[in-house]
Amino acid sequence: MRNLEHIKHVIIKIGSTSLCNKDGQLDKERILKLIQQIAVLKRKGLKVTLVSSGAISSGMGVLNLSEKPKEISKKQALAAIGQAHLMQIYEDLFSLFHLKCAQMLLNHDDFDHRKRLMNLSYALSSILDYDVIPIINENDTLAVDEIKVGDNDTLSALLLPIVDVRCSIKFLPVSCLNNLLK
């Protein structure tokens, strides 16, 4: 196993499949288990940035839909409906561990324009300075295929140079959390 003692900051990407049950609905028990692991990392003194999918799945659950619509506008609407619900779940569950979280919704343009990139960097740094966990997702309500970052794996990678370079950073899929917890 790799020595991870030098790590001070992790970026964790959580996909919809890690947040949802087999029926595609958000599963609070699964989310709670993920947050428990993040709480352990925080108690070890690590800074954590969370890149989370799940807004569309959350919106589907709010509206009791069994299938994802094909139309982009309907997916955008589900993302808008679901993002608030998803963040409420995160807030409620993080508070069980006396942790706070913040929402950041990003678009591809945020990485293409220097001023917006600097503002993103300053905001992210300040959120972390407040010891709050930033929860980042692509703004799926506004992003359509031609302006999307791509997926949250790509978004996670784009965040690496933005986070304070004095920290050691690792992009971790949720399945790798156990290595840090040992």
Side-chain angles (χ1 to χ4, degrees), residues 1-21 24 26-58 79 82-83 85-108 110-111 120-121 123-140 143 148-182:
M1 176 165 53
R2 294 170 42 194
N3 180 356
L4 301 173
E5 290 179 14
H6 67 284
I7 302 297
K8 299 198 181 359
H9 188 156
V10 293
I11 297 175
I12 300 169
K13 184 264 183 180
I14 298 179
S16 294
T17 55
S18 296
L19 301 173
C20 296
N21 60 26
L26 286 181
D27 184 333
K28 289 182 184 177
E29 189 174 324
R30 291 182 86 173
I31 298 170
L32 176 62
K33 287 177 184 176
L34 296 168
I35 290 173
Q36 285 175 312
Q37 294 179 63
I38 292 169
V40 171
L41 295 175
K42 292 290 291 171
R43 280 195 297 276
K44 288 184 173 199
L46 291 167
K47 291 185 178 186
V48 175
T49 298
L50 182 59
V51 177
S52 177
S53 300
I56 293 173
S57 297
S58 178
Q83 189 65 40
H85 180 67
L86 179 61
M87 283 307 298
Q88 186 62 57
I89 291 170
Y90 275 130
E91 285 237 358
D92 292 345
L93 296 178
F94 271 119
S95 72
L96 296 174
F97 300 93
H98 308 288
L99 295 170
K100 295 181 179 4
C101 60
Q103 176 184 24
M104 295 183 79
L105 296 174
L106 303 178
N107 286 323
H108 191 274
D110 296 320
F111 297 94
L120 168 60
S121 177
L124 184 57
S125 177
S126 294
I127 290 168
L128 292 165
D129 287 346
Y130 281 124
D131 200 28
V132 172
I133 299 165
I135 300 176
I136 300 172
N137 193 6
E138 184 161 17
N139 189 347
D140 290 327
K148 287 183 76 67
V149 170
D151 57 29
N152 279 333
D153 290 332
T154 302
L155 182 58
S156 299
L158 289 170
L159 288 169
L160 287 173
I162 295 169
V163 180
D164 187 348
V165 293
R166 291 172 292 175
C167 297
S168 297
I169 302 162
K170 293 292 177 190
F171 159 66
L172 291 175
V174 122
S175 58
C176 296
L177 279 177
N178 289 331
N179 289 337
L180 281 177
L181 297 174
K182 292 181 181 177

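- Considering NZ of Lys33 and CG of Leu93, their distance stands at 13.0 Å, rounded to 0.5 Å.
- A side chain to side chain contact (heavy atoms under 4.5 Å, CB included) with Met104 holds for exactly one of Leu124, Ile135, Val51; it is Leu124.
- Residues Tyr90 and Ser52 approach most closely at OH-OG, 2.7 Å, considering heavy atoms.
- The structure places OG of Ser58 at 11.0 Å from CE of Met87, a figure rounded to the nearest 0.5 Å.
- Nearest heavy atoms, Ser57 versus Gly24: CB-O, 3.8 Å.
- A heavy-atom distance below 4.5 Å is found between the side chains of Cys101 and Glu91.
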Exercise. Given the rule in the side chain to side chain contact (heavy atoms under 4.5 Å, CB included) test, do Ile12 and Gln37 qualify, once you have shown the distances and angles that lead to the verdict?
Worked result: CA-CA 11 Å; Ile12 300 169; Gln37 294 179 63; over 6 Å; no
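- A heavy-atom distance below 4.5 Å is found between the side chains of Ile133 and Lys42.
- A heavy-atom distance below 4.5 Å is found between the side chains of Phe111 and Leu159.
- If you take CD1 on Ile136 and CD1 on Ile127, they are separated by 7.5 Å, rounding to the nearest 0.5 Å.
- A 4.5 Å side-chain heavy-atom check between Leu26 and His85 finds at least one atom pair inside the cut-off.
- Looking at every heavy atom in both residues, Leu19 comes nearest to Gly54 through CD1-CA, 4.1 Å.
- In this structure the side chain of Leu34 never reaches within 4.5 angstrom of the side chain of Leu50, judged on heavy atoms.
- Enclosure of atom CZ in Phe97 by more than 12 non-hydrogen atoms of other residues, nucleotides or ligands within 6.0 angstrom is indicated.
- With rounding to the nearest 0.5 angstrom, the CD1 atom of Ile38 is 10.5 Å from the CD1 atom of Ile31.
- Considering all non-hydrogen atoms of both residues, Val48 and Pro134 come closest at O-CD, 3.4 Å.
- Here Asp92 contributes atom CG and Leu32 contributes atom CG; the two are 11.5 Å apart, rounded to the nearest 0.5 Å.
- Summarising the geometry of Ala79 relative to Ile56, their closest heavy-atom pair is CB-CG1, 3.9 Å, with the distance given to 0.1 Å.
- The two residues Asn107 and Asp110 have their closest heavy-atom pair at N-OD2, 2.7 Å.
- Residue Leu106 forms a side chain to side chain contact (heavy atoms under 4.5 Å, CB included) with just one option from Asn139, Asn137, Leu120, Leu158, and that option is Leu120.
- Note that the CG atom of Leu99 and the CZ atom of Arg43 stand 8.0 Å from one another [nearest 0.5 Å].
- In this structure a side-chain-to-backbone donor-acceptor pair under 3.5 Å is missing from Thr49 to Ile11.
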